[in-house]
Amino acid sequence: MSVLKLKNSYTRALEVFQPLDPRGECVTMYSCGPTVYSYAHIGNFRSFLMADVLRRVLERNGYEVRHVMNITDVGHMTEDHVADATGEDKLAKAARELGTDPFRVARHFEDAFVADARALKLKIYQGGEAGDETLHPRATAHIAEMLAAIQRLIAGGFAYVVPSGEVYFEVAKFPEYGKLSGKVIDDLEAGARVEVRDEKRDPRDFALWKVDAKHLMQWDPHSNVGWEPDDWRRFVQLCPDGVDARIKPGFPGWHIECSAMSRARLGPVIDIHTGGEDNIFPHHECEIAQSYGAYHTHVPGPHGAPDEGAPRNTFARYWVHGRFLLVNNRKMSKRDGTFFTARDLFNPVAEGRADLARDLEAAGFAGGRVPANVLRYALIANQYTQPMNFSMESLAQARASVERLQIRYDKLREAVGDTGDSSEVASDRVLTLVEGALRDFDDALNDNLNTPNALAAVFKAVGELNQMELGLAEAREALRMMESFNDVLDVLDTTARSGLITREQVQSWLEPESLRSKAAHLKHWAEAPDREQLWERIEAGQLPAFDELAPVEQMDGAMIELFVAIRQNARKAKDFATGDAIRDDLKKRGVQLEDTPQGFRWVRG
RNA sequence: GGUGGCGUAGCCAAGUGGUUAGGCAAUGGUUUGCAAAACCAUCACACGCGGGUUCGACUCCCGCCGCCACCUCCA
């Protein structure tokens, strides 16, 4: 298997991945998570999905991944042109609009985020990980760790307290500030847009602790006011001598939270830190400076890198940043109507966006709604190193692509069926195909998560399989391959949603005895109001009107089989109008029926 | 102004100093009672423009043009 390589923002080079774990087994990964003052948009999710694909690829390479993604519930400033703490916090703004306290607002949006993340199959919210609180730390629950770090920064001379009671990191004390982002210090100083705050020693200095009476979330560093009891107890343990007396009640700065949470959950140094490209500066630049200042964190350059073994003064060895998602080649904008949350696409009407529902309907989305697996595909189909231009058309292409994969997958499942083990051995042509496709898939993903090439390998394999008649063992191998692809892609509906009915089976069901026994165990059928009459007609081999069978909301296998039998009876009598009517009716009820040389294929959609 | 990046056939999107990426769409055909699915073919003598290096450049170098992002909370 090929070796995983990642584009490291820190060195701007493609580097071989090598975990810090001396056993080479465990990987620690921290992803900058959502700020929960609104619903997460598709750009947010592109970034989170990049992290999701990365951790799945790591697992594919045999690593055990401990992945942490935080919840930023402290909030950030909203008045972007007003420097520092004079603006209103975004969470506070949301709270004012929702008429409740900021903690509840944050929880509301966090819950919404989790629901969306689950729908999009973020593995960190699947299974056991979903309930593991340690993997989803909240910023408000780590004020103790943040203040402890701030105190260390002050004690070490990396930070200073100003008369207002705020604390700033002194950038001049960390000469490597700017290394990650490539920002030249002089450029920043020249930036006239940064309103110089008198209290700062240098305009580039950034806030670690802020004081603003208007802010709704407040913690007193010198008493338990504003604290959850557990958090306060922990703070006292972490800082038995308290923090600098000049620090006044307030709230943490923008960047300290991730340093604190990463350290608390994953330890002093980690393998991978991910985020969006906008995080590079200033957020991650500041994280690096803080962590070094407080704890002198450093990691060795990985094997094969020019600085192999030499210390990098950062707490993460690999910095991986996803490029932005654009709409109409611009950043998303609410004003231009190019701003989409995930739930806008899942159910536009419920989000008050009937216009979007119409556009989606026009793009071929039934009911004007985008299935989550289609959105997932659309957001991972491009390589993360390139900006992605999102559009109705790209969504429609994703839908078609997913459908092509799903159809192939369904047919393989049908071919394999429930049959147990078989001594039959797959032919070399299929074994070679599967082996080659999986190798190409892995090679592409290991090449800096090149998902377009990985998908090319998938579709090449699908195309070749579509040209073949597969035996049982071959279908089983091919199915195994598709499932392996899906371990990373996770876009397939893996429930048994389709079936194949042979002509022989249908023929036997048309016998009155068989038909009656088939009908008898159908609960819905038995509840039909005029069932005696219908019963007689069925026994006579007659076709009841489809509506007479309503309400049949759940088309289970037996129900579908019954209708297939009735339809085939009509077709045998060359009554194609009736046959087609049944097929159309089934479609309305979410079941697609296809005639194949072997028999009849049904797909629940 | 500073920094980083991008411009590949109708659309999306990999990749390479010299043999078909892949997907989507469209059109024609095979198959089908009709569909669906699938296959085949076409669109494809594709690589922003102009120079240069080279036996040969879409790929390397130089110069343009256009677009985007970051530099400010932002995935």
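Only this structure's heavy atoms are used, side chains among them; waters, hydrogens and symmetry mates stay out. Chain letters run A, B, ... following the sequence lines, proteins first, then strands; residues in each count from 1.
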Validation row: Thr314(A), Trp319(A) side chains within 4.5 angstrom (heavy atoms): yes
Nearest-nucleotide pick for Asn450(A), side chain only, options being A21(B), G15(B), C71(B): G15(B)
NZ/NE/NH1/NH2 to OD/OE distance under 4.0 Å, Asp493(A) and Arg604(A): no
Distance, rounded to the nearest Å, where Arg567(A) contributes CZ and A36(B) contributes C1': 10 Å
Sugar-phosphate only, base, or nothing, as touched by Gly322(A) at under 4.0 Å among non-hydrogen atoms: nothing
Spacing between Asn382(A) atom CG and C12(B) atom P, to the nearest angstrom: 10 Å
Distance test, side-chain N/O of Asn466(A) to OP1/OP2 of C39(B), below 4.0 Å: yes
Sugar-phosphate only, base, or nothing, as touched by Asn453(A) at under 4.0 Å among non-hydrogen atoms: base
Crowding at CD, Glu361(A) (>12 non-hydrogen neighbours, <6.0 Å): yes
Sugar-phosphate only, base, or nothing, as touched by His41(A) at under 4.0 Å among non-hydrogen atoms: base
Ile380(A) vs Val488(A) side-chain heavy atoms within contact, under 4.5 Å: no
Pairs where residues 372-381 of chain A contributes a residue and the test side-chain hydrogen bond (donor to acceptor under 3.5 Å, both in side chains) is met, not counting sequence neighbours: Asp52(A)-Arg376(A)
d(CG, Asp584(A); C1', A35(B)) in whole Å: 9 Å
Pairwise C1' distance for C6(B) and C49(B), with rounding to whole Å: 16 Å
Whole-angstrom distance between C47(B) and A21(B), as gauged at atom P: 13 Å
Sugar-phosphate, base or nothing in reach of Phe459(A), heavy atoms under 4.0 Å: sugar-phosphate
Strand RNA chain B as a dot-bracket string - pairs counted if Watson-Crick or G-U with both distances under 3.5 Å, | where the partner lies in another strand: (((((((..(((.....[...))).(((((.......))))).....(((((..]....))))))))))))....
Between G23(B) (C1') and Gln383(A) (CD): distance, integer Å: 16 Å
Side chain to side chain contact (heavy atoms under 4.5 Å, CB included) involving Leu479(A) - partner list, sequence neighbours excluded: Tyr409(A), Leu412(A), Arg413(A), Val416(A), Glu483(A)
Aromatic ring pairing Phe113(A)/Phe45(A), orientation class (parallel under 30°, perpendicular over 60°, tilted between): parallel
Touch class at under 4.0 angstrom, heavy-atom based, for Ile280(A) against every strand present: nothing
Pairwise C1' distance for A36(B) and C45(B), with rounding to whole Å: 37 Å
Any Asn44(A) side-chain N or O less than 4.0 Å from OP1/OP2 of A75(B): yes
Residue Pro282(A), side-chain heavy atoms: nucleotide from A35(B), A69(B), U72(B) that is nearest: U72(B)
Those residues of residues 396-404 of chain A lying under 4.0 Å from RNA chain B by at least one heavy atom: Gln397(A), Ala400(A), Ser401(A), Arg404(A)
C45(B): syn or anti, per glycosidic angle within 90° of 0: syn
Nearest-nucleotide pick for Glu393(A), side chain only, options being G15(B), C34(B), C11(B): C11(B)
Nearest-angstrom distance, C1' atom, U54(B) to U59(B): 13 Å
Between P of A36(B) and NZ of Lys588(A), the distance in whole Å: 18 Å
Interatomic distance, Arg601(A) CZ vs A35(B) C1' [rounded to whole Å]: 14 Å
Nearest-nucleotide comparison on RNA chain B, the residue closer to the 5′ end among Arg323(A) and Arg583(A): Arg323(A)
Any residue meeting side chain to side chain contact (heavy atoms under 4.5 Å, CB included) with Asn382(A), in chain and number order, not counting sequence neighbours: Arg46(A), Met388(A)
Residue Ser47(A), side-chain heavy atoms: nucleotide from A35(B), C34(B), A75(B) that is nearest: A75(B)
5' precedence on RNA chain B between Ser181(A) and Glu277(A) (nearest-nucleotide basis): Ser181(A)
Short side-chain N/O contact to C12(B) OP1/OP2 from Gln386(A), under 4.0 Å: no
P gap between G22(B) and A14(B), integer Å: 15 Å
Val320(A) side chain reached by Tyr384(A) side chain, heavy atoms, under 4.5 Å: yes
Under 3.5 Å donor-acceptor pair, Asp595(A) side-chain atoms to C34(B) base atoms: yes
Rounded C1' spacing from C70(B) to U27(B) in Å: 44 Å
Nearest-Å distance for atom pair CG/C1', residues Leu465(A) and A38(B): 12 Å
Nearest-Å distance once atom P is located in both C24(B) and A38(B): 9 Å
Rounded distance in Å between the C1' positions of A46(B) and A57(B): 14 Å
Whole-Å gap separating C1' (A38(B)) and CG (Leu470(A)): 13 Å
Within-4.5 Å side-chain heavy-atom neighbours: Tyr37(A) and Pro102(A): no
Phe109(A) side chain reached by Tyr39(A) side chain, heavy atoms, under 4.5 Å: yes
Residue list, side chain to side chain donor-acceptor pair (under 3.5 Å) with Ser484(A), at least two apart or on another chain: Arg60(A)
Side-chain N or O of Thr35(A) closer than 4.0 Å to phosphate OP1/OP2 of C73(B): no
Presence of donor-acceptor pair under 3.5 Å, side chain of Asp580(A) and base of G33(B): yes
Any Lys331(A) side-chain nitrogen or oxygen under 4.0 Å from OP1 or OP2 of C70(B): yes
Residue of the set Met146(A), His142(A), Arg138(A) for which side-chain contact (heavy atoms from CB on, under 4.5 Å) holds with Glu257(A): Met146(A)
